[in-house]
Amino acid sequence: MSRTVLGLDRLVALLLGLVLVAAGAAAAAWGLGQLTRVWASAPQSVSTAGAGDVYGQSWWPGAAAAAAVVLALLGLWWLFAHVPRRSTGPLRLAGSDRSGALAVDGSSAASAAAAVLAETPGVRSASGRVVSDRGQLVAEIDVTAEPDADLAEVAAAVDATGAQLAQVIGRDDLRGRVAVHVARRQRRGSRVH
Amino acid sequence: MSLTTERPTTRLQPAKLPTGPGTIGWLGPVLALLLVGVGVLVGQDAWVRLRGGSTTWLGSATSALDGLAPSAAVAAVGVVVALVGLWSVVAALRPRTRDALPLGGTSGAHLRTADVARLASAAADQVDGVLRTRSSAGRRSVTVDVTTTAARGGAADGVADRVRTSVEHALRALESPPRIKVRTTASKGDDQ
């Protein structure tokens, strides 16, 4: 999800919230007969005659159809904009020029790094990929550790493997994010007494 | 592609810690769906009227409101609408949730608070005298509830100390290890 979409979400939620607060407060005051204190000519009852007149105009169905298409398309675009698109293609390496481009498949490298990490004692499994996240090129590795794993040992393995990955990919702008998940239950036979 | 075991000279710089979207993470898509819903409502009105009809959802809703007079029910609905609006404003302004704790090191490794609680429980489970464990964790502190075989008093305090040491040891690799609180309960039958 991009920052633009998140910003739009917040802006619309804020504006809608403010409108609802104002409308709700006005309705509550009107319901209790207090609205005339601030609005002397507040109506005694709701009249929707104006809306009925609009529905009867010859231009209304066409305008409503156009508005419906625009609203539905906007809504669908907004909805699908929430689907994350974070994949990256092959990563271009330093040394690329007109005579040829050097590229590396970042996700394959991150996958290989995850496989190395999965060999660490106390680590049950690991998977890796390279993604584009909030403007950063990020090697994301998910590690699932046993509940009794030695965290210091896992941290040391993550550092060593991360450094190797940085060397393999060879891009200064690569960042690392290793999510260490802890399994809910100990795998049978993995504990040494 | 394979990774060698040579000592590397470069280091992988850590990315920003992940954050959760909070309420706005699901409120945004719901608002988008609502916008599609409004489009459908207006579209149904246009569709029916273009075909010569006059009974539409929008028209029926408008007619239902006609002649509405002030009442306690209207006031109650107004209060509910205002509260929903207030909640929406708070959701829009609330910062993203943070529940990741960085591991010491340079590669951007982190655990979420739920995983820290599982590690704490596993560490407490290994202590002699502990029957059952339940832990909850925030970014600053971990609370470990243990049911012990020991009755209350000196023996239970000893178990609590050993649990604290074990959990501290298990979480020592975190960049800022959280404060550890241990609460002991004597197992029924041993509690005299």
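Lettering follows sequence order; numbering is per chain, from 1.
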Any chance you could measure A:Gln136, atom CD, to B:Gln13, atom CD, to the nearest 0.5 Å?
-> 10.5 Å
Pair count under 4.5 Å, heavy atoms only, with chain B: among A:Trp60, A:Trp77, A:Trp30, A:Phe80, highest is A:Trp30
Any chain of hydrophobic side-chain contacts (each under 4.5 Å) joining B:Leu34 to A:Leu71?
-> yes
B:Gly39 and A:Ala68: which non-hydrogen atoms are nearest, and at how many Å?
-> O-CB, 3.3 Å
Any donor-acceptor N or O pair under 3.5 Å, side chains A:Tyr55, B:Ser54 | no
Value rounded to 0.5 Å, distance of CG in A:Leu151 from NE2 in B:His169 = 10.5 Å
Selection from A:Gln34, A:His181, A:Arg175 maximising heavy-atom pairs under 4.5 Å formed with chain B | A:Arg175
Please look at A:Asp150 and chain B and tell me whether the side chain, the backbone, both or neither of the residue comes under 4.5 angstrom of a heavy atom of that chain.
-> side chain
Bottom line for B:Ala69: the part with an atom under 4.5 Å from chain A's heavy atoms is both
Under 4.5 Å from any heavy atom of chain A - which part of B:Arg96 | both
From the list A:Leu79, A:Leu15, A:Leu32, the residue making the most non-hydrogen contacts under 4.5 Å with chain B is A:Leu79
Given A:Leu174, A:Val180, A:Leu74, the one with more heavy-atom pairs under 4.5 angstrom with chain B than any other is A:Val180
Step-by-step side-chain contact (heavy atoms from CB on, under 4.5 Å) determination, B:His110 to A:Val178 = CA-CA 6 Å; B:His110 63 270; A:Val178 182; 5.9 Å; no
Heavy-atom pairs under 4.5 Å with chain B, option from A:Ala64, A:Ala139, A:Ala26 with the top count = A:Ala64
What part of B:Val40 lies closer than 4.5 angstrom to a heavy atom of chain A: side chain, backbone, both or neither?
-> neither
Taking the side chain as every heavy atom from C-beta outward, state whether B:Arg118 and A:Pro147 have any pair of such atoms under 4.5 Å apart.
-> no
Do other residues, nucleotides or ligands put more than 12 heavy atoms under 6.0 Å from the CH2 atom of B:Trp47?
-> no
Heavy-atom distances under 4.5 Å only: say whether B:Leu27 touches chain A with side chain, backbone, both or neither.
-> side chain
Under a 4.5 Å heavy-atom cut-off, does chain A meet the side chain of B:Ser71, its backbone, both or neither?
-> backbone
Portion of A:Val138 that has a non-hydrogen atom of chain B nearer than 4.5 angstrom | side chain
Hey, does the side chain of A:Arg10 reach the backbone of B:Arg94 with a donor-acceptor pair shorter than 3.5 angstrom?
-> yes
Region of A:Ala183 that comes under 4.5 Å of a non-hydrogen atom in chain B = backbone
Sidechain-backbone polar pair: B:Asp66 side chain, A:Thr48 backbone, donor-acceptor under 3.5 Å = yes
Within the side chain of B:Asp115, is there an N or O that forms a donor-acceptor pair under 3.5 Å with the backbone of A:Val182?
-> yes
Top residue by heavy-atom pair count (under 4.5 Å) with chain B, among A:Ala166, A:Ala27, A:Ala28?
-> A:Ala28
Go through the atoms of A:Ala149 and report whether side chain, backbone, both or neither lie under 4.5 Å from a heavy atom of chain B.
-> backbone
Give a yes or no on whether the backbone of B:Leu17 and the side-chain of A:Arg177 come within a donor-acceptor separation of less than 3.5 Å.
-> no
A:Gln44 portion near chain B, given a 4.5 angstrom heavy-atom threshold | backbone
Okay, B:Pro18 and chain A: the region with an atom under 4.5 Å from a heavy atom over there is both
